[in-house]
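Heads up: the structure comes next, in structure tokens.
Letters A, B, ... are given to chains in the order of the sequence lines, protein chains preceding strands, and every chain is numbered from 1. These numbers come from a predicted model, not from an experiment. All heavy atoms count here, side chains included; hydrogens, waters and symmetry mates do not.
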Amino acid sequence: MTSERYNVREAEPRWQKVWDARGIFTTRNDDPRPKYYVLEMFPYPSGRIHMGHVRNYTMGDVVARYMRAKGFNVLHPMGWDAFGMPAENAAMANKVHPKTWTYDNIAAMKTQLKSMGLSLDWSRELATCDPAYYRHQQKMFLDFWKAGLVERKSSKVNWDPVDQTVLANEQVIDGRGWRSGAEVEQRELTQWFFKITAFSEDLLNAIDTLDNWPDKVRLMQRNWIGRSEGLSIRFALAPGSAPAGFDEIEVFTTRHDTLFGASFIAIAPDHPLARALSMRDPKLSTFIEECRHHGTAQEVLEKAEKKGFDTELRAIHPFDPNWQLPVYVANFILMDYGSGAVFGCPAHDQRDLDFVRKYGLPVLPVVVPEGADPNTFKIGDEAFVEDGKLANSRFLDGMSVAAAKQEVARRLERERRGNRPVAERRVQFRLRDWGISRQRYWGCPIPVIHCESCGAVPVPEQDLPVVLPEDVEFDRPGNPLDRHPTWKNVPCPKCGKPARRETDTMDTFVDSSWYFLRFTAPAAKTPTEAKAERYWMPVDQYIGGVEHAILHLLYSRFFTRAMKATGHAHLDEPFGGLFTQGMVVHETYRKPDGAYVEPAGVKVEAMGERRRATLVATGEAVEIGAIEKMSKSRRNTVDPDDILSTFGADTARWFMLSDSPPDRDVIWTEEGVQGAYRFVQRLWRLAHELAELAAPVGAPRPKEFGAAANAVRKAAHTALARVGEDIGRLRFNRCVAHVYEAANALSASLADARSAKKVPSDLAFAFREAGEILIQLVAPMMPHLAEECWAALGKKTLVAEATWPALEPGLLVEDTITLPVQINGKKRADVTVARDAADKDVEAAVLALEPVQRALEGRAPKRIIVVPQRIVNVVA
RNA sequence: GCCGACGUGGCGGAACGGUAGACGCAAGGGACUUAAAAUCCCUUGGGGGAAACCCCGUGCAGGUUCAAUUCCUGCCGUCGGCACCA
């Protein structure tokens with residue numbers, strides 16, 4: 001028995017050095033073994049890692065180390081999502097250059113990540129702000145352009161009229177600019193777009209092939225793409241009142257069955273007709289102006305009060321020339337979707353219903369529930385959106401919704417006006433093209449030169465990369481590129497006349513849409529290197545936060561397709577397996593005056609069942625508040641550095657894996673960390689105790705095992721089987737539980753052996769075998785401790801390089817099994833039978849049981865359900 | 001507002017439709033110690049009972065089933081995303 005303790009601070013750097021020196025995590029592209037590519041979403045270099053990173057990278061590292069032990073050539077790289085707004089904000093606030101700030105942060109975070117003992121191939125490190133990276137992005141932009149996947153068009157941005165600058169959605173707070181406080185306006189800018197909608201159908205269909213993605217993410221992506229089949233209908237405008245050039249409004253609808261319930265037509269505030277009308281109607285012009293005084297965020301627009309403006313134009317119902325519908329301009333109609341115009345059927349659409357209640361328009365139900373009387377069926381506060389039978393709809397009466405849609409489409413398709421059908425069936429997607437222009441400095445320059453005679457001209461390939469100029473000032477708002485004298489003004493590559501560079505940079509989502517491809521050959525002179533790309537792609541396991549479930553993943557799926565179309569990749573889907581982890585959350589603490597206090601400054605004590613918190617510095621009582629996502633504003637962050645230096649990487653890693661299912665939030669608690677640390681020490685002691693009683697390394701296997709030895713082996717192999725299964729599914733919290741169970745069993749056996757004073761050779765062998773298995777099970781999760789214990793067991797090799805132990809399945813099979821016996825669905829007894837007992841024999845054994853006899857009171861049972869190997873239920 | 005998830009002891013959680021609460025934490029009791037820490041052992045969903053054992057319990061209200069934490073419907077609460085935060 002040893003009274004020493006495991007010195008984490010000494011041991012962890014020591015093992016990290018050993019791994020480094022042997023270069024065991026550097027991955028070769030020409031390794032003959034099967035490949036496995038595991039990747040965690042790369043971090044934004046904010047300056048310090050946070051607990052979310054610790055969790056994310058621990059999970060990936062467990063997978064990487066496990067797959068390495070299973071004999072795969074594992075790629076596990078790391079890089080930096082290094083462009084973005086915070087660097088510019090820091091530049092404005094602290095007068096530090098974005099580049100300096102970013103690279104300092106990278107250096108600091110790299111040190112932190114290294115202290116976590118992650119099995120990363122640092123030789124492949126990349127930063128997206130490095131011209132060596134973004135030059136390839138510029139090249140691909142040009143290739144995409146040639147391939148017809150890039151487009152320039154107008155779109156809306158948040159404009160701060162005081163700062164004269166474009167704002168991100170997060171910089172708009174309650175409709176006002178975050179710095180100036182000025183009311184934000186929408187402004188139209190001509191911007192660059194990637195034509196992601198060219199792949200709408202394919203991006204949607206291919207979701208079905210992503211078997212190793214969470215269902216919820218697949219569903220979210222499907223909904224985001226939002227395919228709907230509907231009808232595009234041309235409503236003629238009543239003659240006389242409409243501005244010149246406008247004689248009809250085209251609407252898109254998926255509810256053409258409700259056409260006879262239509263009460264109005266609504267068009268978007270930026271619909272061409274609305275604009276034309278506003279020229280002659282100052283009131284409408286004011287209304288449209290009001291609509292522009294929102295940010296561009298969808299959430300804000302849809303939460304805003306529904307408002308409309310009656311244009312006094314009238315549209316003619318396609319089935320009845322005498323039926324006229326009012327035309328409104330409405331703030332909830334989006335120009336981006338469909339044709340920017342809808343017909344409103346209030347009885348069967350909640351938003352339309354709310355709208356007509358406000359403006360006093362009629363509500364006529366045209367679909368009624370099966371069996372309801374159309375004459376008495378009334379719409380109250382809620383629209384009827386379910387299936388039913390058509391009513392009040394002339395030739396559609398009595399039809400189902402589906403049949404009515406068919407009939408309406410059939411009739412209107414045949415009808416022609418002005419040499420075109422009045423309606424056409426259309427497939428509509430909610431997905432919009434990807435606007436990539438950002439009016440900011442710290443991003444990848446868009447390699448285009450604007451010339452008055454030649455238009456937008458691609459920068460010639462030999463002039464790539466277009467490098468960001470470093471002599472920029474952030475003393476005022478706006479994009480410094482736009483006011484840079486020499487960088488901006490260049491001759492046109494085509495005609496040589498004075499021209500100017502595109503000063504917009506790319507959305508940072510572009511940077512992160514192909515870094516996983518670049519990792520396969522990070523030094524290649526082209527964006528990718530075909531052989532390496534074919535070998536490594538797709539990423540077998542991608543791990544990151546759910547908050548990226550839609551945008552980042554969808555953009556990456558698009559980008560990979562676009563790279564395939566331009567010869568830079570060979571496949572469509574970049575991520576074979578996806579796992580979305582939950583957040584790290586923590587209790588909040590507040591002083592009586594309401595101010596938040598950091599956990600590091602708070603002492604929490606248990607008072608029996610209750611807990612109370614006090615300030616360490618003053619002893620002042622602090623209120624324990626809600627558990628929330630770690631954030632600076634709530635001051636409930638825990639600095640990974642503090643944890644790593646106090647308890648070590650293994651403790652932090654173990655705790656991150658142990659407490660919650662990885663796809664759910666984990667609550668960081670001081671007690672939990674203490675518990676993890678205790679287990680680190682316990683396992684270290686266990687290894688040393690085992691070493692005293694276990695057979696030496698390489699001892700011959702006994703021919704037979706006694707009961708005690710068998711029990712030890714069984715515990716170890718059971719854990720081995722379960723951990724293997726659960727790591728494969730990333731159920732790390734269960735792996736942890738299995739390790740605890742194995743350790744508990746082994747501790748108990750050791751105690752027995754010690755009190756018996758003599759350890760027979762079969763048991764000594766079992767101790768060695770079980771000890772090695774246990775350490776190997778722990779190794780992916782707590783790699784430093786595992787090396788230390790491995791050495792304590794007398795091994796001269798590294799556990800990081802050891803092959804995963806072989807399972808003996810025979811040890812897991814029992815001769816007899818004990819089945820729970822239920823009476824009327826409630827467990828009342830157990831029955832032990834032979835493993836392969838026939839159902840009949842099981843029934844007989846169950847009927848003989850005393851509690852069953854008692855319950856039956858001499859009657860025959862109504863039914864007996866025997867679920868083989870699981871349970872027996874007697875229905876009395 | 002729309003889309004998606006989640007809700008189980010004092011706490012984190014476990015449970016192919018089949019024994020609800022594995023495992024950990026906390027708490028209580030005990031051993032060791034001059035004492036504390038560390039360690040080890042025992043108890044621990046609620047209620048009833050001397051005990052055998054019984055009753056109640058997985059956010060709420062229903063439903064399907066021999067059997068529901070699990071499937072279905074509705075509601076309540078919390079969280080994530082909503083296209084310029086990353």
| How close or far is atom P of B:G80 from atom CE of A:Met41, stated in whole angstroms? | 17 Å
| said: Is it the case that B:C82 (base atoms only) and A:Gln298 (side chain only) share a donor and an acceptor within less than 3.5 Å, ignoring hydrogens and angles? | reply: no
| message | Would you say A:Arg731 places a side-chain N or O within less than 4.0 Å of OP1 or OP2 belonging to B:A14? | response | no
| message | Which nucleotide wins on minimum distance to the side chain of A:Arg863, given the candidates B:A14, B:C66, B:C82? | response | B:C66
| query | Does a side-chain N or O from A:Ser660 land closer than 4.0 Å to OP1 or OP2 of B:G12, or not? | reply | no
| field | Side chain proximity check, A:Met51 to A:His586, heavy atoms < 4.5 angstrom | value | no
| Under 3.5 Å: donor-acceptor pair, side chain of A:Asn873, backbone of A:Ile865 | no
| request: Could you check A:Asp830 against A:Arg438 and say which one's nearest nucleotide on RNA chain B is further toward the 5' end? | output: A:Asp830
| remark: Its glycosidic angle compared against 90° from 0, B:G46 adopts the form anti
| message | Under 4.0 Å, counting only non-hydrogen atoms across every strand here, what does A:Trp434 touch: a base, just sugar-phosphate, or nothing? | response | nothing
| query | Between B:A14, B:C23, B:G4, which nucleotide gets closest to the side-chain atoms of A:Lys216? | reply | B:G4
| Is there a donor N/O on one and an acceptor N/O on the other, under 3.5 Å, for the side chain of A:Asn873 and the base of B:C66? | yes
| Selected nucleotide, minimal atom distance to A:His548 side chain, candidates B:C82, B:A86, B:U39 | B:A86
| Can you tell me how far P in B:A83 sits from the matching atom in B:G17, rounded to whole Å? | 37 Å
| message | For the C1' atoms, the ones on B:A61 and on B:G45, what distance do you get once it is rounded to whole angstrom? | response | 24 Å
| Base paired to B:C23 (Watson-Crick or G-U; both N/O distances under 3.5 angstrom) | B:G12
| Hey, does the side chain of A:Thr508 reach the backbone of A:Phe83 with a donor-acceptor pair shorter than 3.5 angstrom? | no
| field | A:Met583 side chain, from C-beta outward: closest of B:G80, B:A83, B:G4 | value | B:G80
| task | Over 60° means perpendicular and under 30° means parallel, so classify the ring planes of A:Phe558 and A:Trp434, tilted if in between. | result | perpendicular
| task | Tell which nucleotide pairs with B:A31, taking only Watson-Crick or G-U wobble pairs whose two distances are both under 3.5 angstrom. | result | B:U39
| Integer-rounded Å distance: B:A67 P and A:Ile823 CD1 | 15 Å
| Looking only at heavy atoms, what is the nearest atom pair of A:Tyr740 and A:Arg682, with distance? | CD2-NH1, 4.5 Å
| query | Is it the case that more than 12 heavy atoms not belonging to A:Lys306 sit under 6.0 Å from its NZ atom? | reply | yes
| When only distance counts, do a donor and an acceptor, one from the side chain of A:Gln439 and one from the base of B:C84, lie under 3.5 Å apart? | yes
| message | From CH2 of A:Trp654 over to P of B:C25, roughly how many Å is that when rounded to an integer? | response | 11 Å
| query | B:G12 P sits how many Å from A:His586 NE2, rounded? | reply | 14 Å
| message | Applying the Watson-Crick and G-U wobble criteria at under 3.5 Å, what pairs with B:G45? Answer none if nothing qualifies. | response | B:C56
| field | Nucleotide forming a Watson-Crick or wobble pair with B:A51, both distances under 3.5 Å | value | none
| task | May I ask you to say what A:Glu741 touches in the nucleic acid, namely base, sugar-phosphate or nothing, with a heavy-atom cut-off under 4.0 Å? | result | sugar-phosphate
| query | Does a nitrogen or oxygen in the side chain of A:Arg828 sit under 4.0 Å from OP1 or OP2 of B:C54? | reply | yes
| query | For A:Ala676, which contact category applies under a 4.0 Å heavy-atom criterion: base, sugar-phosphate, or nothing? | reply | nothing
| query | Who does B:C79 pair with, Watson-Crick or G-U, both distances under 3.5 Å? | reply | B:G4
| task | Go through B:C84, B:G18, B:G13 for me and flag the one nearest to the A:Gln822 side chain. | result | B:G18
| task | Using the C1' atom on both, measure B:C6 against B:C25 and round to a whole Å. | result | 22 Å
| said: Whether A:Lys826 contacts B:A68 is assessed here as follows: a side-chain N or O lying under 4.0 Å from the phosphate OP1 or OP2. Is that the case? | reply: no
| How long is the line joining CD1 of A:Ile817 and P of B:G18, in whole Å? | 16 Å
| query | Looking at B:C23, B:C25, B:U19, which one has an atom nearest to any side-chain atom of A:Lys827? | reply | B:U19
| field | Distance, rounded to the nearest Å, where A:Phe655 contributes CZ and B:C23 contributes P | value | 19 Å
| request: Could you check whether A:Gly435 gets within reach of a base, just the sugar-phosphate, or nothing at all, counting any heavy atom under 4.0 Å? | output: sugar-phosphate
| Short side-chain N/O contact to B:G4 OP1/OP2 from A:Arg222, under 4.0 Å | no
| message | Within the supplied structure, the quantity of interest is the number of heavy atoms (other residues, nucleotides, ligands) at a distance under 6.0 Å from A:Lys358 NZ; does it exceed 12? | response | yes
| query | If you measure from the P atom in B:U8 to the same atom in B:C79, how many Å do you get, rounded? | reply | 15 Å
| field | Sugar-phosphate, base or nothing in reach of A:Val157, heavy atoms under 4.0 Å | value | base
| Any strand: nucleotide that pairs with B:A68 via Watson-Crick or wobble, under 3.5 Å | none
| remark: With the side chain defined as heavy atoms from C-beta on, A:Arg682 is closest, among B:C40, B:C82, B:C84, to B:C40
| request: Would you classify A:Thr669 as touching base, sugar-phosphate or nothing, given that sugar-phosphate means primed atoms plus P, OP1 and OP2, and contacts are heavy atoms under 4.0 Å? | output: nothing
| query | Which whole-number value in Å describes the distance from A:Gln674 CD to B:A27 P? | reply | 11 Å
| message | Of the listed nucleotides (B:C3, B:A83, B:C40), which one gets closest to any side-chain atom of A:Asn223? | response | B:C3
| Distance in angstrom units between A:Arg664 CZ and B:U78 P, rounded | 18 Å
| said: Once you measure the plane-to-plane angle for A:Phe655 and A:Trp668, does it fall in the parallel (<30°), tilted (30-60°) or perpendicular (>60°) bin? | reply: perpendicular
| request: Report the nucleotide, chosen from B:C79, B:C84, B:A22, that has the shortest atom-to-atom distance to any side-chain atom of A:Asp665. | output: B:C79
| Side-chain donor or acceptor of A:Asp726 paired with backbone N/O of A:Arg731 under 3.5 Å | no
| Closest to the A:Asn733 side chain: B:C79, B:U39, B:G13? | B:G13
